[in-house]
Protein chains: 2
Amino acid sequence: MESKKKTILPLSPVPLYTQIKEILRTRILDGTYKAHEQMPSESELTRSFDVSRITVRQALGHLQKEGLIFKIHGKGTYVSQPKAFQNLGKLQGFGEAMASMGYETFSQVVSFKVIPADKIVAKKLQLTENDMVSEIRRVRYLNRAPISLDVSYLPRTIGERLIKEDLAHRDIFLILENDYGYSLGQAELQIEAMLADESLGRLIQLEEGAPVLRIERLTFTTENQPLDFEYLYYRGDAFQYRLRVERGRI
Amino acid sequence: MESKKKTILPLSPVPLYTQIKEILRTRILDGTYKAHEQMPSESELTRSFDVSRITVRQALGHLQKEGLIFKIHGKGTYVSQPKAFQNLGKLQGFGEAMASMGYETFSQVVSFKVIPADKIVAKKLQLTENDMVSEIRRVRYLNRAPISLDVSYLPRTIGERLIKEDLAHRDIFLILENDYGYSLGQAELQIEAMLADESLGRLIQLEEGAPVLRIERLTFTTENQPLDFEYLYYRGDAFQYRLRVERGRI
DNA sequence: TATTACATCTTGTCATAACAAGTAAGCATA
DNA sequence: TATGCTTACTTGTTATGACAAGATGTAATA
């Protein structure tokens, strides 16, 4: 009855529910709790971790939001079928996403300009037309083959700072977060199909008229300030954009 | 001190936090609380709604998840900058999504077959190869112009039931949920760009070689059973697939 | 036998309470 | 003046307790 299962540290700076969440996540991933099996009930977890039910429910709630478990009212909590890409659907930079799948990537900066914002860019970044913005064009390589052209628009000063960084090997997202202290929240994407023109084809080694995936991405801070507006042109044959969406409650 | 602000019904079947959430959502949308303004603090809301702080936090938590508000530890809760498409990124059927934007849509069933599952379909729906599945091909129209070809694979019996429904005007998603009682959870999407071939071009009135957005969508129930596997071929020029993603905590 | 009622699991909702921790402004001190 | 402390706000975390409501098996009843 008194056997504490793991090292829960009530005085740790990391909240109890986070610690419990991580322990449960580990147990799910290592097979202690298997797919479609019932997890211990909330009251069992309350006893075994020696915390309150609120704390257990907070941990389970986060795991549910991440898709690792699901609950059925009156029955119990169950482990979800594992998915090939468990954590997609979240906002990731290209390098981040590829690195997590074990691919080797790097980028080549093909141009950097400080230019007046056109109508579209100004609107997206909530600036006035002709305000100066930084435009960074990069070609992304996956396993040494060119795969996309990224055109990023950022507020002038941020871009001028970014261009001095190691953009060949580091994601803009990670630099903005880790080095500059921005907290990235949501992004809006628009996706469409188009044909490569001559200049795009030259950059990512496609023939004119080859299919291209064109993604518009506007990234916001957690305070909902637009920070980064990008056009991503992906080779249609070489890449598949994967994500997960949830059905909203009606 | 005793002025109850709105009609909160403690005995209603709809939870208090949901009622409060809807009231706050209304106030945000009608401008009572404006973008980037601070909302009333949790303790103020606790007093004005005469509920506990847990209930207020539950309501605010949901609004935060929906992106309407954001919180700053130690400072307060703020209204987010409103977005053009507030609730996207959730799983919606085509008609559902278009109807919510005020477009007129209908579908035309071009074929219905019961066929043995090929390798890919069997794997996606977690069946054995050559198990019989239903294949439904539909052309979607937006404002009377063809915009996409949807090829849906479902377990045989579900498809045979669906084909008797009014698929011209009702989404498969909504029928599965409202009429058949399935609870839809997450979906996996893969998106790529390709060129229309002759038969696809004929169906959605494109010339051979025109750019097409090809989406693979596998939809799961909340119990993570795969239910519906679809290929969606969108005209690249006529439609933009919009969504919102969140940055996951690291 | 078939149905109903009950007991007992489960998760869902809500109240009250306390303390931690981040923010910011004002005040006292060096 | 500049620095640091106090205080009063905010949201974040956690405990304890209670009842509602859905699911399910068992026992009592028709």
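To find a chain, count down the sequence lines: A is the first, B the second, and so on, and within it residues start at 1. These numbers were taken from a predicted model, which means no experiment stands behind them.
With rounding to the nearest 0.5 Å, the separation of CZ in A:F173 from CG in A:D228 is 5.5 Å.
In this structure, the CZ atom of B:R57 is 17 Å from the P atom of C:dA20, given to the nearest Å. One interatomic measurement links the two molecules: CD of A:Q58 to P of D:dT11, which rounds to 16 Å at whole-angstrom precision. One can place CD of B:E37 at 16 Å from P of D:dT10, the figure rounded to the nearest angstrom. Taking atom CD of residue B:Q19 and atom C1' of nucleotide C:dC14, one finds them 13 Å apart after rounding to whole Å. Distance A:H73 NE2 to D:dG22 P: 6 Å, rounded to the nearest Å. For the pair A:I69 CD1 and C:dT10 C1', the interatomic distance rounds to 14 Å; values are reported in whole Å. Atom P of nucleotide C:dA15 and atom CG of B:L16 are separated by 6 Å, given to the nearest angstrom. Atom OH of A:Y78 is separated from atom C1' of C:dC9 by 11 Å (rounded to the nearest Å).
Every residue meeting the side-chain hydrogen bond (donor to acceptor under 3.5 Å, both in side chains) condition with B:D179, not counting sequence neighbours, appears here in chain and number order: B:R170.
Because its NZ or CZ atom is not both nearer than 6.0 Å to the ring centre of A:Y231 and within 45° of the ring axis, A:R217 does not count as a cation-pi partner of that residue.
Between B:Y17 and the phosphate of C:dC14, there is no side-chain N or O to OP1/OP2 separation shorter than 4.0 Å. Within the 4.0 Å cut-off from OP1 or OP2 of C:dT11, at least one side-chain nitrogen or oxygen of A:T77 is found. Using a 4.0 Å cut-off, no side-chain N or O of B:S43 falls inside it from OP1 or OP2 of D:dC9. Between C:dG22 and B:K75, no contact under 4.0 Å exists linking OP1 or OP2 to a side-chain N or O.
Heavy-atom distances to DNA chain C give each of A:E44 and B:T55 a nearest nucleotide, and the one nearer the 5′ end belongs to A:E44. Nearest-nucleotide assignment on DNA chain D puts the 5′-proximal partner with B:P40, out of B:P40 and B:I54.
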Show your reasoning for whether side-chain contact (heavy atoms from CB on, under 4.5 Å) applies to B:S152 and B:E135.
CA-CA 6 Å; B:S152 308; B:E135 182 202 79; over 6 Å; no

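The base of D:dG17 has none of its N or O atoms less than 3.5 Å from a complementary donor or acceptor on the side chain of A:R53.
Here the side chain of A:E42 is nearest to one of C:dG12, C:dG22, D:dT14, namely C:dG12. Proximity note for B:S52 (side chain, C-beta onward) versus D:dT14, C:dT16, D:dG22: the nearest is C:dT16.
The shortest side-chain heavy-atom distance between B:E230 and B:K124 does not fall under the 4.5 Å cut-off.
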